[in-house]
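Everything on this sheet refers to the single structure shown next.
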2 protein chains.
Amino acid sequence: MQQNSDNGGAYPESQLRCEACPLIACDGLRQPPADLRHWIAAFRQGEARFVRGEQVFDQGSRPKHLYTVLSGVLMRTRLLEDGRRQVINFMFPGDFLGLQAALDGEMSHAVEAVTSVTLCVFARDRFFDMVASQPRLAFDMTWLAAHEEAALEEHIVSLGQRNARERMAALAVFLVQRAHDTGLAPDGVLTITVTQGQIADMLGLSLVHTNRTLQALRRLQLVDWTVNSISIPDLESARQFAGIDSNSFRLPRPYI
Amino acid sequence: MQQNSDNGGAYPESQLRCEACPLIACDGLRQPPADLRHWIAAFRQGEARFVRGEQVFDQGSRPKHLYTVLSGVLMRTRLLEDGRRQVINFMFPGDFLGLQAALDGEMSHAVEAVTSVTLCVFARDRFFDMVASQPRLAFDMTWLAAHEEAALEEHIVSLGQRNARERMAALAVFLVQRAHDTGLAPDGVLTITVTQGQIADMLGLSLVHTNRTLQALRRLQLVDWTVNSISIPDLESARQFAGIDSNSFRLPRPYI
DNA sequence: CGTCTTTTTGAACGTTCTCAAGGGATGTGG
DNA sequence: CCACATCCCTTGAGAACGTTCAAAAAGACG
């Protein structure tokens, strides 16, 4: 919502070593071997922080930095010229921000902090060196890109085939699942502040209808999505209601 | 539509060398340097052909092979348990098929030939060797994954924010553009057989409404989409109608 | 306490869907 | 060559889902 700031977050000189990376505590992530961690440390430039509502990347900008999410949740959004806006996806700890910009130069979308976030900073112009120097790094980067793609597929299925209630249930399941995997939401309740306007922009629904659908799902006891938390009483029945194949096993994500 | 066949296409022993790769003639593609081409040739296993309607990958299968599209057009689709189906995207010459399966083992979607296609065959179990051996190859793979992701973003915007007419116009522009870049559709007319049912599954519309929207766009002289061709009289006005930012410059795609 | 943002509700309208049926093209077997 | 099946396209009409407009209530913040 606020102004831009590719450089907005402060970069404390504190070269907090990767040995103290908060992602080490994250069970859902596959830890890089020690030697790779050193390589990554060599490219790392520091940390950046953004508060809720700040833009990490502006659509159309040419960022100098790339980031890995260390903590918090963000949103990728795309704006049409007439003001309509579509939320593409949410980003969680371990996700890599700016890959597309690293390759093209220009951001095709914006990235906004949904909670306060801390990011690990890399220089864009050293990106090629990074992936070229370590095959494993390139492999992990490809892994992340391919899986982000799979998440978008699922989102496309939602928008194309599911009605408002199914869509919202599917989104809630996705978010709680994703949060659970990264250590947040241990008990099926995700504490996060998402406005109904943001939900509407994610699901391609009007604000009014989003509100009514929210209430319907609460009445059905499938999803209780309040201003600052998402709670799913019974994950399995929510998943069934949304028509999500539960057989999609999840492999541990790498991070960089 | 037909039965599966991961091995369905014949693999003629003809080790047609990559020097004769049909993609060399493709202006829209960035050619790999000679040494990289040799590397790729070493991993290549031959060619496979599929006719219109055949499934190259089944959803949920564990393919032994990966492919690069040499000629023709394909469709990635995802099936829900209740039979609803969503077309995720179309694939053109130069696209790489099966990346997600290469990493996860299991296909999250199906791939079906829309025209007759010829594919370049690689062994899945040598995938890691491939990308690890050549940084440039890994980089290109990441490039393709990131750009497929960008295409899906655009599709999400369509499904979420555009109405039926805008959606269909956007899809037509995308297809004609993409075909034009790969040498097909030189004059803004793409000769390809797509049923209205397939269009409906791509746009998330009912078959009936797809038909009516098709007629509306024809009456408006924006898009003339018949059984076996897509024609856009004025690309710029179609683009404007659909609300596509035309400032998105296109870089030449690498291929593998 | 006033202002701003977000949520909630009502009501009319419109887009899109479903159901139903008919027509055209193509292919197959008798 | 005709009968029949199949697949795809087309049209009509009523119903459902979702949108828009409008306004009020509820929180958040200084």
Side-chain angles (χ1 to χ4, degrees), chain A residues 1-2 51-54 75 80 82-87 112 114-116 158-171 192-220 223-230 241-243, chain B residues 1-2 51-54 75 80 82-87 112 114 158-169 171 192-220 223-230 241-242:
Chain A
M1 302 286 195
Q2 256 78 323
V51 300
R52 170 176 162 76
E54 264 187 302
M75 224 163 67
L80 296 190
D82 60 6
R84 284 181 286 181
R85 141 181 135 148
Q86 175 68 38
V87 175
E112 174 183 329
V114 173
T115 67
S116 292
S158 263
L159 293 175
Q161 302 299 326
R162 303 201 240 253
N163 64 24
R165 291 179 183 191
E166 294 169 334
R167 250 183 254 186
M168 191 168 294
L171 175 58
I192 187 177
T193 301
V194 183
T195 70
Q196 295 185 9
Q198 290 171 325
I199 303 177
D201 283 346
M202 177 89 186
L203 299 180
L205 298 172
S206 72
L207 180 52
V208 172
H209 198 57
T210 297
N211 180 287
R212 292 188 169 123
T213 305
L214 225 48
Q215 295 178 47
L217 288 185
R218 195 170 302 142
R219 241 180 294 112
L220 293 171
V223 175
D224 192 353
W225 195 329
T226 68
V227 197
N228 36 29
S229 82
I230 309 173
F241 176 84
Chain B
M1 302 290 197
Q2 256 77 323
V51 301
R52 170 176 163 76
E54 264 187 302
M75 228 166 61
L80 296 190
D82 60 7
R84 285 181 286 182
R85 136 181 138 150
Q86 176 67 39
V87 175
E112 174 183 331
V114 174
S158 264
L159 293 174
Q161 303 298 324
R162 303 203 241 253
N163 64 25
R165 291 179 182 191
E166 293 169 335
R167 250 183 254 186
M168 191 169 294
L171 175 59
I192 187 175
T193 300
V194 184
T195 70
Q196 294 184 8
Q198 290 171 325
I199 304 177
D201 283 345
M202 176 89 184
L203 300 180
L205 298 173
S206 72
L207 179 53
V208 173
H209 198 57
T210 298
N211 180 289
R212 293 188 167 121
T213 305
L214 224 48
Q215 295 179 47
L217 288 185
R218 194 171 301 142
R219 241 180 293 113
L220 293 170
V223 175
D224 192 353
W225 195 330
T226 69
V227 197
N228 35 28
S229 81
I230 309 173
F241 175 83

Smallest separation among heavy atoms of A/Ala242 and A/Ala170, with atom names: CB-N, 3.7 Å

Candidates D/dC9, C/dT16, C/dC19 - which lies nearest the side chain of B/Val227: D/dC9

Minimum heavy-atom distance A/Val87-A/Met202, with the two atoms named: CG1-SD, 3.3 Å

A/Glu166 CD to D/dG18 C1', straight-line distance once rounded to whole Å: 14 Å

Phosphate-side-chain proximity, B/Gln198 and D/dC8, N/O vs OP1/OP2 below 4.0 Å: no

Contact under 4.0 Å: B/Asn211 side-chain N or O vs D/dT10 OP1/OP2: yes

Polar side-chain atom of B/Gln161 near backbone of A/Arg85 as donor-acceptor pair, under 3.5 Å: yes

Interatomic distance where CH2 belongs to A/Trp225 and C1' belongs to C/dT6 [whole Å]: 16 Å

Touch class at under 4.0 angstrom, heavy-atom based, for B/Leu207 against every strand present: nothing

C/dT7 phosphate, OP1 or OP2, under 4.0 Å from A/Gln215 side-chain N/O: no

Spacing of A/Gln161 atom CD relative to C/dT16 atom P, expressed in whole Å: 15 Å

Under 4.0 angstrom between A/Gln196 side-chain N/O and C/dT8 OP1 or OP2: yes

Whole-Å gap separating C1' (D/dC9) and CZ (B/Arg218): 11 Å

Backbone N/O of A/Glu112 and side chain of A/Glu54: donor-acceptor pair under 3.5 Å: no

Side chain of A/Thr195 - closest among C/dC17, C/dT6, C/dT9: C/dT6

Atom-to-atom span, CG of A/Asn163 to C1' of D/dA16 - whole angstrom: 11 Å

Closest to side chain of B/His209, choosing from C/dT16, D/dG18, D/dC21: C/dT16

Gap between atoms CZ and C1', on A/Arg162 and C/dC17 respectively (whole Å): 19 Å

Whole-Å distance separating the CD1 atom of B/Ile199 from the P atom of C/dT16: 16 Å

Minimum-distance nucleotide (side-chain atoms of A/Ala164 versus C/dC17, D/dT20, D/dG18): D/dG18

Spacing between B/Met168 atom CE and C/dT16 atom C1', to the nearest angstrom: 12 Å

B/Arg165 atom CZ, neighbour heavy-atom count above 12 within 6.0 Å: no

